[in-house]
Amino acid sequence: MKTSFIFVLLFSLAVSSSSSGCFDKSTYYAIDHDVEAIASGIDNEDDRVHFYGGVVRMVAHDFMDYDRNRDTHMGSDGCIEWNHESNRGFWGSIWCDNCDLTKLYHTKYGHISKADFWIAAANAVIRNLSVDRSLDLIDTFLWGRKDADSCIGQGDRMPMGSGCREIEDLFLDAMGLEWRDAVALLGAHTIGKGHIDVSGHDGYWMPTTAESLVFDKQYYEELVRRPWRARNIGTKEEDFTASIETTHQEPQMMLKTDVCLWFDTDNFYPCCTRTNRFFEGQNWCDWEQKLSVLECTRYDTVDSRMEAVMTVIEFLGGPTPNENNGPFYKSFATAWFKATTNGHEDLKAVRSKCW
(Lines give C-alpha, C1' and ligand atoms only; values in the text may rest on other atoms or scores of the structure.)
Protein backbone atom coordinates (compact mmCIF):
# COMPACT_ATOMS: atom_id res chain seq x y z
CA MET A 1 0.00 0.00 0.00
CA LYS A 2 2.81 2.42 0.98
CA THR A 3 4.73 1.61 -2.22
CA SER A 4 1.64 2.26 -4.35
CA PHE A 5 1.06 5.56 -2.58
CA ILE A 6 4.64 6.67 -3.22
CA PHE A 7 4.33 5.71 -6.90
CA VAL A 8 1.10 7.71 -7.26
CA LEU A 9 2.70 10.66 -5.49
CA LEU A 10 5.77 10.59 -7.72
CA PHE A 11 3.57 10.28 -10.80
CA SER A 12 1.48 13.26 -9.68
CA LEU A 13 4.58 15.33 -9.13
CA ALA A 14 5.87 14.39 -12.55
CA VAL A 15 2.60 15.38 -14.18
CA SER A 16 2.56 18.67 -12.28
CA SER A 17 6.13 19.39 -13.30
CA SER A 18 5.44 18.56 -16.94
CA SER A 19 2.29 20.67 -16.93
CA SER A 20 4.04 23.73 -15.62
CA GLY A 21 7.40 23.12 -17.26
CA CYS A 22 7.32 22.94 -21.03
CA PHE A 23 5.14 22.61 -24.12
CA ASP A 24 7.24 22.23 -27.26
CA LYS A 25 6.64 22.10 -30.99
CA SER A 26 6.85 18.33 -31.10
CA THR A 27 3.94 18.08 -28.64
CA TYR A 28 1.96 20.67 -30.58
CA TYR A 29 2.35 18.87 -33.90
CA ALA A 30 1.83 15.48 -32.29
CA ILE A 31 -1.63 16.70 -31.23
CA ASP A 32 -2.13 17.99 -34.77
CA HIS A 33 -1.24 14.59 -36.22
CA ASP A 34 -3.36 12.65 -33.73
CA VAL A 35 -6.46 14.80 -34.26
CA GLU A 36 -6.15 14.38 -38.01
CA ALA A 37 -5.75 10.62 -37.51
CA ILE A 38 -9.05 10.52 -35.61
CA ALA A 39 -10.78 12.44 -38.41
CA SER A 40 -9.24 10.25 -41.11
CA GLY A 41 -10.68 7.21 -39.37
CA ILE A 42 -14.23 8.55 -39.76
CA ASP A 43 -15.55 7.04 -42.99
CA ASN A 44 -18.81 8.96 -43.23
CA GLU A 45 -18.23 12.46 -44.61
CA ASP A 46 -21.16 13.93 -42.68
CA ASP A 47 -19.78 12.53 -39.42
CA ARG A 48 -16.36 13.96 -40.26
CA VAL A 49 -17.92 17.39 -40.75
CA HIS A 50 -19.57 17.02 -37.34
CA PHE A 51 -16.28 16.07 -35.69
CA TYR A 52 -14.24 18.89 -37.21
CA GLY A 53 -16.90 21.52 -36.60
CA GLY A 54 -17.60 20.17 -33.12
CA VAL A 55 -13.97 20.49 -31.99
CA VAL A 56 -13.77 24.14 -33.07
CA ARG A 57 -17.17 24.99 -31.60
CA MET A 58 -16.31 23.31 -28.30
CA VAL A 59 -13.34 25.65 -27.95
CA ALA A 60 -15.57 28.58 -28.88
CA HIS A 61 -18.07 27.60 -26.18
CA ASP A 62 -15.17 27.46 -23.72
CA PHE A 63 -13.99 31.00 -24.51
CA MET A 64 -17.33 32.69 -25.27
CA ASP A 65 -18.29 32.60 -21.60
CA TYR A 66 -15.60 35.20 -20.84
CA ASP A 67 -17.13 38.37 -19.42
CA ARG A 68 -14.77 41.12 -18.31
CA ASN A 69 -17.66 42.93 -16.61
CA ARG A 70 -18.56 40.17 -14.13
CA ASP A 71 -16.87 39.12 -10.93
CA THR A 72 -16.33 35.63 -12.37
CA HIS A 73 -14.72 36.18 -15.76
CA MET A 74 -14.51 32.55 -16.95
CA GLY A 75 -12.92 32.16 -20.42
CA SER A 76 -10.86 29.25 -21.77
CA ASP A 77 -10.70 27.01 -18.72
CA GLY A 78 -11.61 23.53 -19.93
CA CYS A 79 -15.04 23.78 -18.33
CA ILE A 80 -18.40 23.50 -20.08
CA GLU A 81 -21.84 22.78 -18.64
CA TRP A 82 -22.44 19.73 -20.79
CA ASN A 83 -26.10 19.34 -19.87
CA HIS A 84 -27.05 22.93 -20.60
CA GLU A 85 -29.33 23.42 -23.60
CA SER A 86 -26.83 25.74 -25.30
CA ASN A 87 -24.09 23.09 -25.15
CA ARG A 88 -26.04 20.12 -26.47
CA GLY A 89 -24.22 17.95 -28.96
CA PHE A 90 -20.73 18.07 -27.47
CA TRP A 91 -21.02 15.44 -24.76
CA GLY A 92 -21.46 12.03 -26.32
CA SER A 93 -20.01 12.85 -29.72
CA ILE A 94 -17.01 15.17 -29.27
CA TRP A 95 -16.06 14.90 -25.59
CA CYS A 96 -17.14 11.96 -23.41
CA ASP A 97 -15.71 8.93 -21.67
CA ASN A 98 -15.76 6.87 -24.86
CA CYS A 99 -15.06 9.66 -27.35
CA ASP A 100 -11.81 9.31 -29.32
CA LEU A 101 -10.69 12.86 -28.55
CA THR A 102 -11.18 12.36 -24.81
CA LYS A 103 -9.35 9.04 -24.83
CA LEU A 104 -6.49 10.64 -26.79
CA TYR A 105 -6.19 13.37 -24.16
CA HIS A 106 -6.13 10.99 -21.19
CA THR A 107 -3.81 8.53 -22.91
CA LYS A 108 -1.15 10.91 -24.24
CA TYR A 109 -1.72 14.50 -23.15
CA GLY A 110 -3.14 14.43 -19.64
CA HIS A 111 -0.06 16.32 -18.43
CA ILE A 112 -1.41 19.52 -20.02
CA SER A 113 -4.70 21.22 -19.20
CA LYS A 114 -7.86 20.37 -21.10
CA ALA A 115 -8.15 24.01 -22.09
CA ASP A 116 -4.72 23.98 -23.73
CA PHE A 117 -5.39 20.62 -25.37
CA TRP A 118 -8.76 21.69 -26.76
CA ILE A 119 -7.27 24.80 -28.33
CA ALA A 120 -4.35 22.85 -29.82
CA ALA A 121 -6.85 20.32 -31.19
CA ALA A 122 -8.98 23.07 -32.75
CA ASN A 123 -5.83 24.62 -34.22
CA ALA A 124 -5.12 21.24 -35.79
CA VAL A 125 -8.58 21.18 -37.38
CA ILE A 126 -8.11 24.70 -38.75
CA ARG A 127 -4.66 23.99 -40.16
CA ASN A 128 -5.62 20.69 -41.77
CA LEU A 129 -8.76 22.12 -43.38
CA SER A 130 -7.24 25.43 -44.52
CA VAL A 131 -6.22 25.79 -48.15
CA ASP A 132 -2.81 24.13 -48.63
CA ARG A 133 -2.72 23.80 -44.82
CA SER A 134 -1.53 27.39 -44.82
CA LEU A 135 -3.26 28.65 -41.66
CA ASP A 136 -0.87 27.36 -38.99
CA LEU A 137 -1.61 29.00 -35.63
CA ILE A 138 1.42 27.70 -33.73
CA ASP A 139 3.07 31.14 -33.59
CA THR A 140 0.07 32.60 -31.74
CA PHE A 141 -0.59 29.57 -29.53
CA LEU A 142 0.14 30.13 -25.85
CA TRP A 143 -0.22 27.53 -23.12
CA GLY A 144 -0.44 27.38 -19.34
CA ARG A 145 -4.20 27.70 -18.81
CA LYS A 146 -5.63 26.09 -15.70
CA ASP A 147 -8.79 24.03 -15.84
CA ALA A 148 -11.74 25.08 -13.69
CA ASP A 149 -13.42 22.48 -11.48
CA SER A 150 -16.83 24.04 -12.09
CA CYS A 151 -18.35 26.80 -14.20
CA ILE A 152 -21.89 27.33 -12.98
CA GLY A 153 -23.73 29.67 -15.33
CA GLN A 154 -21.42 29.04 -18.30
CA GLY A 155 -24.26 27.83 -20.50
CA ASP A 156 -26.35 30.92 -19.80
CA ARG A 157 -23.61 33.07 -21.33
CA MET A 158 -23.71 31.30 -24.70
CA PRO A 159 -25.19 33.02 -27.76
CA MET A 160 -28.34 31.57 -29.31
CA GLY A 161 -27.90 32.94 -32.85
CA SER A 162 -30.57 35.63 -32.52
CA GLY A 163 -28.75 38.52 -34.23
CA CYS A 164 -26.24 41.32 -33.99
CA ARG A 165 -27.39 42.65 -30.62
CA GLU A 166 -26.16 39.35 -29.29
CA ILE A 167 -22.81 39.84 -31.05
CA GLU A 168 -22.48 43.30 -29.54
CA ASP A 169 -23.35 42.06 -26.05
CA LEU A 170 -21.07 39.03 -26.13
CA PHE A 171 -18.11 39.67 -28.44
CA LEU A 172 -17.80 43.44 -28.12
CA ASP A 173 -19.00 44.28 -24.60
CA ALA A 174 -18.30 41.12 -22.58
CA MET A 175 -15.22 39.81 -24.41
CA GLY A 176 -13.77 43.21 -25.37
CA LEU A 177 -13.33 42.32 -29.04
CA GLU A 178 -13.93 44.49 -32.11
CA TRP A 179 -16.32 44.02 -35.00
CA ARG A 180 -13.44 42.78 -37.16
CA ASP A 181 -12.72 40.05 -34.61
CA ALA A 182 -16.37 39.01 -34.37
CA VAL A 183 -16.79 38.80 -38.15
CA ALA A 184 -13.57 36.76 -38.42
CA LEU A 185 -14.60 34.30 -35.69
CA LEU A 186 -18.01 33.77 -37.29
CA GLY A 187 -16.13 32.76 -40.45
CA ALA A 188 -15.44 29.45 -38.69
CA HIS A 189 -19.01 28.55 -39.68
CA THR A 190 -17.49 27.64 -43.03
CA ILE A 191 -16.94 24.18 -41.46
CA GLY A 192 -19.47 22.08 -39.60
CA LYS A 193 -23.26 22.09 -39.65
CA GLY A 194 -26.36 22.71 -37.60
CA HIS A 195 -28.29 19.74 -36.21
CA ILE A 196 -32.03 20.11 -35.77
CA ASP A 197 -32.03 17.74 -32.78
CA VAL A 198 -29.25 19.73 -31.08
CA SER A 199 -29.70 23.43 -31.80
CA GLY A 200 -32.96 23.36 -33.70
CA HIS A 201 -31.17 24.70 -36.78
CA ASP A 202 -30.93 22.26 -39.67
CA GLY A 203 -28.30 22.35 -42.40
CA TYR A 204 -24.81 23.25 -43.52
CA TRP A 205 -23.53 26.78 -43.92
CA MET A 206 -21.93 25.65 -47.19
CA PRO A 207 -23.76 24.23 -50.24
CA THR A 208 -22.20 20.75 -49.99
CA THR A 209 -20.63 18.43 -47.44
CA ALA A 210 -17.29 18.59 -49.28
CA GLU A 211 -17.23 22.40 -49.09
CA SER A 212 -17.93 22.12 -45.35
CA LEU A 213 -14.56 20.41 -45.00
CA VAL A 214 -12.56 23.42 -46.17
CA PHE A 215 -11.63 26.30 -43.87
CA ASP A 216 -11.66 29.33 -46.15
CA LYS A 217 -13.53 32.56 -46.90
CA GLN A 218 -16.45 30.92 -48.68
CA TYR A 219 -18.68 31.72 -45.69
CA TYR A 220 -18.60 35.40 -46.71
CA GLU A 221 -19.19 34.60 -50.37
CA GLU A 222 -22.26 32.55 -49.49
CA LEU A 223 -23.54 35.31 -47.22
CA VAL A 224 -23.34 37.95 -49.95
CA ARG A 225 -24.24 35.99 -53.08
CA ARG A 226 -27.13 33.71 -52.17
CA PRO A 227 -30.83 34.57 -51.74
CA TRP A 228 -31.41 33.84 -48.06
CA ARG A 229 -35.05 33.55 -47.03
CA ALA A 230 -36.38 33.53 -43.48
CA ARG A 231 -37.20 30.13 -41.99
CA ASN A 232 -38.82 28.88 -38.77
CA ILE A 233 -40.57 32.23 -38.47
CA GLY A 234 -42.11 32.86 -35.06
CA THR A 235 -40.06 30.20 -33.25
CA LYS A 236 -36.91 30.49 -31.16
CA GLU A 237 -35.08 28.76 -34.02
CA GLU A 238 -35.68 31.58 -36.50
CA ASP A 239 -32.95 31.50 -39.14
CA PHE A 240 -32.44 31.59 -42.93
CA THR A 241 -32.20 29.02 -45.69
CA ALA A 242 -31.05 29.21 -49.32
CA SER A 243 -31.81 25.68 -50.42
CA ILE A 244 -34.53 23.52 -51.92
CA GLU A 245 -34.51 19.78 -52.55
CA THR A 246 -33.92 20.29 -56.27
CA THR A 247 -30.68 22.22 -55.80
CA HIS A 248 -29.23 20.83 -52.57
CA GLN A 249 -28.76 17.33 -51.19
CA GLU A 250 -28.72 18.80 -47.67
CA PRO A 251 -30.35 21.99 -46.34
CA GLN A 252 -28.16 25.12 -46.48
CA MET A 253 -28.73 27.60 -43.70
CA MET A 254 -27.43 30.65 -41.91
CA LEU A 255 -28.26 31.99 -38.48
CA LYS A 256 -29.64 35.47 -37.93
CA THR A 257 -26.24 36.16 -36.33
CA ASP A 258 -24.66 35.43 -39.72
CA VAL A 259 -27.02 37.34 -41.99
CA CYS A 260 -26.98 40.40 -39.71
CA LEU A 261 -23.35 40.99 -40.73
CA TRP A 262 -24.74 42.17 -44.07
CA PHE A 263 -28.43 43.02 -43.45
CA ASP A 264 -30.34 44.63 -40.57
CA THR A 265 -32.23 41.49 -39.55
CA ASP A 266 -32.49 42.63 -35.93
CA ASN A 267 -35.03 45.28 -36.91
CA PHE A 268 -36.48 43.78 -40.10
CA TYR A 269 -37.44 40.11 -39.96
CA PRO A 270 -38.83 38.01 -41.62
CA CYS A 271 -37.29 38.95 -44.96
CA CYS A 272 -35.43 37.65 -48.00
CA THR A 273 -32.01 38.96 -48.98
CA ARG A 274 -32.24 38.89 -52.79
CA THR A 275 -35.73 39.24 -54.21
CA ASN A 276 -34.64 39.26 -57.86
CA ARG A 277 -33.54 35.60 -58.05
CA PHE A 278 -35.68 33.00 -59.83
CA PHE A 279 -35.51 29.23 -60.22
CA GLU A 280 -37.69 27.39 -62.72
CA GLY A 281 -39.86 30.48 -63.10
CA GLN A 282 -40.47 30.95 -59.37
CA ASN A 283 -39.04 33.66 -57.17
CA TRP A 284 -36.51 32.03 -54.84
CA CYS A 285 -37.92 34.02 -51.92
CA ASP A 286 -41.39 32.56 -52.34
CA TRP A 287 -40.56 28.85 -52.12
CA GLU A 288 -42.32 28.07 -48.83
CA GLN A 289 -44.15 31.35 -48.30
CA LYS A 290 -44.29 34.70 -50.05
CA LEU A 291 -41.27 36.72 -48.92
CA SER A 292 -40.36 38.48 -52.17
CA VAL A 293 -42.29 41.52 -50.93
CA LEU A 294 -40.13 41.61 -47.78
CA GLU A 295 -36.61 42.35 -48.96
CA CYS A 296 -34.02 42.50 -46.18
CA THR A 297 -32.85 46.02 -45.32
CA ARG A 298 -29.25 47.17 -45.63
CA TYR A 299 -27.63 49.27 -42.91
CA ASP A 300 -27.50 53.04 -43.07
CA THR A 301 -23.99 54.29 -43.83
CA VAL A 302 -23.71 55.89 -40.37
CA ASP A 303 -24.75 52.72 -38.52
CA SER A 304 -21.99 51.33 -36.29
CA ARG A 305 -22.61 47.89 -37.78
CA MET A 306 -21.28 49.12 -41.11
CA GLU A 307 -17.91 48.13 -39.64
CA ALA A 308 -19.09 44.52 -39.92
CA VAL A 309 -20.23 45.08 -43.51
CA MET A 310 -16.90 46.64 -44.52
CA THR A 311 -15.05 43.74 -42.87
CA VAL A 312 -17.09 41.22 -44.86
CA ILE A 313 -16.17 43.09 -48.04
CA GLU A 314 -12.49 42.96 -47.07
CA PHE A 315 -12.65 39.23 -46.31
CA LEU A 316 -14.10 38.57 -49.78
CA GLY A 317 -10.55 39.28 -50.95
CA GLY A 318 -11.48 41.43 -53.94
CA PRO A 319 -13.80 40.91 -56.91
CA THR A 320 -15.22 37.40 -56.80
CA PRO A 321 -14.49 34.71 -57.71
CA ASN A 322 -10.95 34.74 -56.34
CA GLU A 323 -8.72 32.57 -54.19
CA ASN A 324 -7.46 35.29 -51.84
CA ASN A 325 -7.94 33.97 -48.30
CA GLY A 326 -5.20 36.22 -46.92
CA PRO A 327 -7.34 38.97 -45.32
CA PHE A 328 -9.60 36.42 -43.61
CA TYR A 329 -6.78 34.17 -42.44
CA LYS A 330 -4.77 37.05 -40.99
CA SER A 331 -7.73 38.52 -39.11
CA PHE A 332 -8.94 35.13 -37.91
CA ALA A 333 -5.53 34.37 -36.39
CA THR A 334 -5.63 37.67 -34.51
CA ALA A 335 -9.21 37.21 -33.30
CA TRP A 336 -8.62 33.58 -32.28
CA PHE A 337 -5.57 34.64 -30.26
CA LYS A 338 -7.55 37.33 -28.43
CA ALA A 339 -10.49 35.03 -27.72
CA THR A 340 -8.43 32.08 -26.46
CA THR A 341 -6.16 34.18 -24.22
CA ASN A 342 -8.81 36.46 -22.72
CA GLY A 343 -8.56 36.60 -18.93
CA HIS A 344 -5.24 34.75 -18.73
CA GLU A 345 -1.91 36.03 -17.50
CA ASP A 346 1.54 34.43 -17.63
CA LEU A 347 0.77 32.21 -20.60
CA LYS A 348 3.85 30.85 -22.34
CA ALA A 349 4.88 30.46 -25.97
CA VAL A 350 5.58 27.03 -27.42
CA ARG A 351 9.27 26.19 -27.12
CA SER A 352 11.39 24.75 -29.92
CA LYS A 353 12.34 21.80 -27.73
CA CYS A 354 11.88 20.63 -24.18
CA TRP A 355 15.08 19.33 -22.61
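In what follows, residues are counted from 1 in the order of the sequence shown. As the structure is a prediction and not an experimental result, all values here were calculated from the model.
Phe63 is linked by a ring pair (Phe, Tyr, Trp, His ring centres under 6.0 Å) to Trp336, counting only residues two or more places apart in sequence or in another chain. The salt bridge (charged side-chain N to carboxylate O under 4.0 Å, His left out) search around Arg133 returns none, not counting sequence neighbours. Applying the salt bridge (charged side-chain N to carboxylate O under 4.0 Å, His left out) test to Asp67 and every residue at least two apart in sequence or in another chain returns Arg70. Shown here are the side chain to side chain donor-acceptor pair (under 3.5 Å) partners of Arg305, two or more places apart in sequence or in another chain: Glu168, Asp266. For Arg298, the salt bridge (charged side-chain N to carboxylate O under 4.0 Å, His left out) criterion is met by no residue, not counting sequence neighbours. Under the side chain to side chain donor-acceptor pair (under 3.5 Å) criterion, Arg88 pairs with no residue at all, not counting sequence neighbours. By the side chain to side chain donor-acceptor pair (under 3.5 Å) test, His84 is found to be paired with Ser86, Asp156, residues two or more places apart in sequence or in another chain being considered. Applying the side chain to side chain donor-acceptor pair (under 3.5 Å) test to Thr209 and every residue at least two apart in sequence or in another chain returns nothing. Evaluation of the salt bridge (charged side-chain N to carboxylate O under 4.0 Å, His left out) rule for Glu45 yields no partner, not counting sequence neighbours.
With values rounded to the nearest 0.5 angstrom, Thr27 atom OG1 is found 5.0 Å from His111 atom NE2. Here the CD atom belonging to Gln218 is positioned 5.0 Å from the CE atom belonging to Met206, to the nearest 0.5 angstrom. Taken to the nearest 0.5 Å, the OG1 atom of Thr140 stands 6.5 Å off from the CG atom of Asn123. Expressed to the nearest 0.5 Å, how far CG of Asp100 lies from CD1 of Ile42 amounts to 7.5 Å. Here His50 contributes atom NE2 and Ser212 contributes atom OG; the two are 13.5 Å apart, rounded to the nearest 0.5 Å.
Phe315 pairs in a ring-ring contact (aromatic ring centres under 6.0 Å, His included) with only one of the listed residues (Trp179, Tyr220, Trp262, Tyr219), which is Tyr220.
Aromatic rings of His195 and His201 (six-membered ring for Trp) have centroids beyond the 6.0 Å cut-off, not under it.
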In sequence, state the C-alpha distance, the side-chain angles, and the governing distance for Glu288 and Arg229, and then conclude on salt bridge (charged side-chain N to carboxylate O under 4.0 Å, His left out). CA-CA 9 Å; Glu288 291 89 12; Arg229 61 189 187 276; 2.7 Å; yes
Check the pair Asp239, Arg231 against salt bridge (charged side-chain N to carboxylate O under 4.0 Å, His left out), reporting the backbone distance first and the verdict last. CA-CA 5 Å; Asp239 57 14; Arg231 181 180 69 169; 2.8 Å; yes
What verdict does the disulfide (SG to SG under 2.5 Å) test give for Cys271 and Cys296, after you've listed the backbone C-alpha separation in whole Å, the side-chain angles of each residue and the deciding distance to 0.1 Å? CA-CA 5 Å; Cys271 62; Cys296 296; 2.0 Å; yes
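No side-chain donor from either of Asp136 and Tyr329 sits under 3.5 Å from a side-chain acceptor of the other. Between the side chains of Asn87 and Gln154, a donor-acceptor pair is found at a separation under 3.5 Å. Under the 3.5 Å distance criterion, with hydrogens and angles disregarded, no donor-acceptor pair is assigned to the side chains of Trp118 and Asp62.
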Tabulate below the donor-acceptor pairs under 3.5 Å that side-chain atoms of residues 30-41 make, not counting sequence neighbours, or state none.
residue	atom	partner	partner atom	Å
Asp32	OD1	Arg127	NH2	3.1
Asp32	OD1	Asn128	ND2	3.2
Asp32	OD2	Arg127	NE	2.8
Asp34	OD2	Lys108	NZ	2.8
Asp34	OD2	Tyr109	OH	2.6
Glu36	OE1	Tyr52	OH	2.8
Glu36	OE2	Tyr52	OH	3.3
Ser40	OG	Glu36	O	2.9

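Below 30°, between 30° and 60°, or above 60°: for Trp95 and Tyr105 the angle between ring planes is between 30° and 60°, a tilted geometry. Between Phe328 and Phe215, the angle of the ring planes stays under 30°, which puts this pair in the parallel group of the 30/60° scheme.
A salt bridge links Asp46 with Lys193: at least one charged nitrogen is closer than 4.0 Å to a carboxylate oxygen. Ion pairing between a basic and an acidic side chain is recognised when a charged N comes within 4.0 Å of a carboxylate O; Asp24 and Arg351 show no such pairing. For Glu314 and Arg180, the salt-bridge test passes: some basic side-chain N is under 4.0 Å from an acidic carboxylate O. A salt bridge links Lys338 to Asp181: one of the charged nitrogens lies within less than 4.0 Å of a carboxylate oxygen. A salt bridge is defined here as a Lys NZ or Arg NE, NH1 or NH2 lying under 4.0 Å from an Asp or Glu carboxylate O, and Glu323 with Lys217 fails to meet this definition.
Counting only distance, with no hydrogens or angles, the side chain of Thr107 and the backbone of Leu104 share no donor-acceptor pair below 3.5 Å.
Under a hydrophobic-cluster definition in which Ile, Leu, Val, Met, Phe, Trp and Tyr are linked whenever side-chain heavy atoms come within less than 4.5 Å, directly or via other members, Met74 and Leu177 are assigned to different clusters.
In terms of heavy atoms, Leu261 sits closest to Val309 at O-CG2, 3.4 Å.
Counting heavy-atom neighbours within 6.0 Å of Gln249 CD, excluding the residue itself, gives a total of 12 or less. The local environment of NZ in Lys330 is sparse, with at most 12 non-hydrogen atoms from other residues, nucleotides or ligands closer than 6.0 Å. Atom CG of Asn83 has 12 or fewer neighbouring heavy atoms from other residues, nucleotides or ligands inside a 6.0 Å radius. The environment of CG in Asn276 is crowded: more than 12 heavy-atom neighbours from other residues, nucleotides or ligands sit within 6.0 Å. Other residues, nucleotides and ligands place no more than 12 heavy atoms under 6.0 Å from the CE atom of Met310.
Remark: Lys256 fails to qualify as a cation-pi partner of Phe240 under the 6.0 Å distance and 45° angle criteria applied to the six-membered ring.
For residues 192-260, the disulfide bond (SG atoms under 2.5 Å apart) pairs, not counting sequence neighbours, are Cys164-Cys260. Counting only residues at least two apart or in different chains, disulfide bond (SG atoms under 2.5 Å apart) contacts with residues 165-214 are absent.
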